[in-house]
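What follows is a set of notes on a single structure, which appears directly below.
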Amino acid sequence: MSAQKKRNFQIEAFKHRVVVDPKYAEKTWKILEHAIHEIYNHNASGLSFEELYRNAYNMVLHKYGEKLYSGLVATLTSHLKEIAKSVEAAQGPSFLEELERKWTDHNKALQMIRDILMYMDRTFIPSTHKTPVNELGLNLWRDNIIHSSKIQTRLQSTLLELVQRERSGEVINRGLMRNITKMLADVGYVVYQEDFEKPFIEVSADFYRGESQQYIDCCDCGEYLKKAEKRLNEEIERVSHYLDLKTEAKITNVVEKEMIESHMQRLVHMENSGLVKMLVDDKFDDLGRMYSLFRRVQTGLTLVRDVMTSHIREAGKQLVTDPERLKDPVDFVQRLLDEKDKHDKIISVAFNNDKTFQNALNSSFEYFINLNPRSPEFISLFVDDKLRKGLKGVSEEDVETVLDKVMMLFRYLQEKDVFEKYYKQHLAKRLLSGKTVSDDAERSLIVKLKTECGYQFTSKLEGMFTDMKTSQDTMQGFYAAMGGELADGPTLVVQVLTTGSWPTQSSTPCNLPPEILGVCEKFKNYYLGTHSGRRLSWQTNMGNADLKVTFGKGQKHELNVSTYQMCILMLFNNADQQSYKEIEQATEIPTPDLKRCLQSLACAKGRNVLRKEPMSKDIGEDDIFFFNDKFTSKFYKVKIGTVVAQKESEPEKLETRQRVEEDRKPQIEAAIVRIMKARRVLDHNNIVTEVTKQLQSRFLPNPIIIKKRIESLIEREFLERDKEDRKLYRYLA
Amino acid sequence: MGVQRDIVRFNVGGRIFETTATTLANAGRNSYFGAMFDENWDLIVEDQSKEHFIDRNPDCFSILLDLLRTGEIYLTSNVPEKLLYREALFYGLLDHVRTAKWGSFDGNRLRLSRSVNGRAPGDGTAIRAGPDGGCCVAHGSMVHVYDWMLEEHSPINLDYQRVNDAGWINPDRLVVSACERLGRGDGGMGLFSTSAGELRYKFHVSHENQVKSYTAGALSFSSDYKIYSSCKGRSNEYGIGVWDQNTGQQVDFFYEPPGWSLGDADKLQWLNGTSCLLVSTLFPRKDNCYISLLDFRAKKMVWAWSDIGTPIIDERISDERRVRDAIAMEDTSSICVVNEFEDLGFMDLRSRVGSVRWSSRSRLMKGKMPDEPCYPKLALHEGQLFSSMNDSISVFCGADWVLTSRLRRSYGGSICDFSIGGDRLFALHSEENVFDIWEAPPPPIMSS
């Protein structure tokens, strides 16, 4: 206790001596206040940093921090009020310049003040949770300058007006604009947003709403898009020059909404300049512009895609259903390919190779190609044409390109099995007549089909090629075995075709002339001698022959004719005149074929090696035919074509159709059995779905036919109906 | 050689110093020298003979100038530490001083740097190192807070609620957990400002949307800004509460399963690698030890070990096998435990059935226990394992955890708690209320 008393006494004595000047704080603050004035008046060179720093330090040390801080707030406020006055007084264009100048001054002053008051900033401010000097200076600037009633609206309208003037083509001081917007952002992003960005966005929206209305009433689609693109780029550029980067998304959004989204429908459907017109006229630039602008809007591309799709479908539908086009299958397919090329190019050049557009294009083609049931036949005919002659002298790469395009069309086909049927027929003809241009091209296409549809699809086609090869070997073997025995007789070339691989119709052979019959018999004996257990039958409807003929004035020609025609002509070796009946009796060629042959021998101009009475275009049963002594031709070799319809005639078409349907039956049944074997029990709808799924790579089975196949399988006790639920089927193992 | 242009001349309290602008630039812009030589102030040396007068202590200036020149600090006998700190604060160089004062932490290079005396003897509960080199000491219902200069700030006084644990969120924010006093509905967990010693926020626990009073125990903080605390509610709401550090809201509560212990836990440890919380309840708080690993995302206990059912042959053996502290290793695949004789044991976290693999190291301790023993505690820091036992702390290193250093001072009695952080180790002694600060000295002068 005594010690404590002693200490108290000492403190009292001490206190008396160091009692601070009661005006100490006031005096010190005056010095600092004066310094702040000098700093704002650009008169800092006479100030002593050491003295000011020390004074501020002492005030904090002697617990006058509160006074120092509140004095600072008051002094700054009064200076800023002065500044506000001078900014308010600035007239016209000097307003922003004055504001910018004062802002630079204020920042510099603030830095210097903060240097003097560093100790307060470091100790007093954190412990009392006050606003640091720098932030305080910005806040006061915000409250006294930016939000001063006489400045706030004026600043806003000045900025917006400048933007507007720039939009109408004037040149403005971008540097000044940038400094002012940066000031707003420095003071606080909220200030930038509230005092500039929001009104800017609103005013821009109004502006573009008006402008777009004006444009759309007087411009065509392409022009309008050009203007919209220009405006969009201008705004992006504006942001990069003098606005905050975060504004870019907002302002572009405004342009997108007002200039594109609001007028999207009208633009796309604009008559004579809208999307359809652009597509028809290959306006790549306009299309590209439309794509890049519309993609910025949510449903923009969907709209473009939908309109494009319906246009392609409509145009395609017209193309495939135009009866005029059905006359020339090659041209028909060529047009399809052209159409595809055109749109492929548009998508790659203008639509950025957009996958969704590619898909839309594919589905459109799939849609309209299958509208015409003859598409598979025509595509096969197109290939036939190309492989017969179209590819002569064309480089290997170009051949590949053509084949790839054909494959692309093939992919769109739903009835791939129909194509296969026709392709087989056409291939058979090409192979047997030796008309195919390039073996490589043929094989290449088969490989493509194989990768597309699998081994099963092409096995028979490949079998045909194998037969051709084997036949060549067989013929060599035959002639080697016969040796000189055949030297005088006609030369025989036989192609041995495997039954089933070839699209042959069983036909009764005609009577061959005895000269030929002899060689044929020899071959038959040779062949059956080397291969046991086989049966040969002659397909006289498919062969051809070269005949050497001497006409009246001794002129010699070589005639290239079909086997039937040969049989007919050989009759004229012994007689100059034959009646229709006699020919029919001697050759036993089926009537329609006989008529066709005679027509081409007697009625075709320039190839009429026979003459008939009466002279008419059609062949009658009472006609009489004569050897045409007066036949002339400038060629030594004369090809007597048979009058064949290249395209199938109506009854032939029906027949092919029937055969296709017949072939589908076992395939559908096999699919049903496969599915049921795995599932054991399944209801009707699910079977139909699964069968369709399994078979769709070849054709689209008709649900009614599937139902019929199911019934047939039930009859044959592969399946049974569930006893309780008639819709369920069970597999019977 | 031309005339050197950047020489600066100071007159500090009457003594002349000459240095270069380059040296002064080391102080940084945010300092007295940085401001002084900023272009705004036009003080760039035109006339090299011009002196810059500073009305401060020249002895300290000399030390601080040396600090700016070399990055090192050497006190002279006539400059007390506190004086230097004050001057450094004036010039804005306090951070430079702190960086220069001690080197990075290494358990094998520690030197005792100071001892700080508390107010009342005994009964220290916990000591926690702060992130910037300060610490706090929980003591009855008080928490004393020291900054890195070991200046004591206003203490945190919890009005007779016993403090259980404390943890730093940042140098100015401390979370304190306290016991609930019966019938008063207080207790729980609060956020305090260390500079002012004031309560800033109180964390609540609610069960079925009703705010309940609770006793908060051990604390742990996770890297994703969550606070975990063991909680005991009034009506058997025991478990681990989870709060968000930013919002202060309770975000989860893991209820204690029957037959297990979570709400009474002695220690919580957040495992960064696995995003799990290790919860240890140990003897003598409970009759048995319960160690478990909680996965809060899957809401399940993914690993657990207890010594229930360990055969007790006689008293002695049972004590030998009794876990006194547990800590998950930094690779989070195993747990290290310690018994009361400072034998270390390990458990594999990857095997479902935990069993302790003891490495009997020091049977020497048996029979030499002091009258008032303090049971061992464990800590880990960058691959070094620390274990306190009686009045010393052992440092273990390497794959086999070999004893490499022992920190001991024969004053203050047994060590009841210790903590590592801010490049310092703090050890709180139980008999006298005194704590020691261990630091690694700055690296040697000739280090490469």
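These numbers come from a predicted model, not from an experiment. To find a chain, count down the sequence lines: A is the first, B the second, and so on, and within it residues start at 1.
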Checklist entry - What part of L61(A) gets closer than 4.5 Å to chain B, counting heavy atoms only: side chain, backbone, both or neither? => result neither
Checklist entry - Does atom NZ of K108(A) have more than 12 heavy-atom neighbours from other groups under 6.0 Å away? => result no
Checklist outcome for this item: Note: Y53(A) and G92(B) closest approach over all heavy atoms is OH-N, 4.4 Å
Item to check | Spacing of F53(B) atom CZ and E51(A) atom CD [to the nearest 0.5 Å] | outcome: 11.0 Å
Next on the checklist: What residues of residues 69-102 of chain A make heavy-atom contacts with chain B at a cutoff under 4.5 angstrom?
Outcome noted: none
Checklist outcome for this item: If one checks every heavy atom of L94(B) against chain A at 4.5 Å, the contacting part turns out to be neither
Next on the checklist: Taking salt bridge (charged side-chain N to carboxylate O under 4.0 Å, His left out) as the definition, give me every residue that meets it alongside K63(A), ordered by chain and number, with sequence neighbours left out.
Outcome noted: none
Item to check | Which atoms of R29(B) approach chain A - backbone, side chain, both or neither, heavy atom under 4.5 Å | outcome: both
Next on the checklist: So, taking the atom named CD in E50(A) and the one named CE in M36(B), what distance separates them when rounded to the nearest 0.5 Å?
Outcome noted: 8.0 Å
Next on the checklist: Surrounding OH of Y225(B) (heavy atoms of other residues, nucleotides or ligands, distance under 6.0 Å), is the total greater than 12?
Outcome noted: no
Item to check | Proximal component of H42(A), with respect to chain B [non-hydrogen, under 4.5 Å] | outcome: neither
Checklist entry - Given that the side chain runs from C-beta out, which part of Y91(B) has a heavy atom under 4.5 Å from chain A: side chain, backbone, both or neither? => result backbone
Item to check | Exceeds 12 heavy-atom contacts within 6.0 angstrom, atom NZ of K182(A) | outcome: no
Next on the checklist: Report, in residue-number order, which members of residues 109-125 of chain A are under 4.5 Å from chain B by heavy-atom distance.
Outcome noted: Q111(A), M112(A), R114(A), D115(A), I116(A), M118(A), Y119(A), R122(A), T123(A)
Next on the checklist: Checking an interface table here. Which of residues 59-81 of chain B come within a heavy-atom distance under 4.5 Å of chain A?
Outcome noted: none
Checklist entry - Which value, rounded to the nearest 0.5 Å, describes the distance between L89(B) atom CG and Y57(A) atom OH? => result 7.0 Å
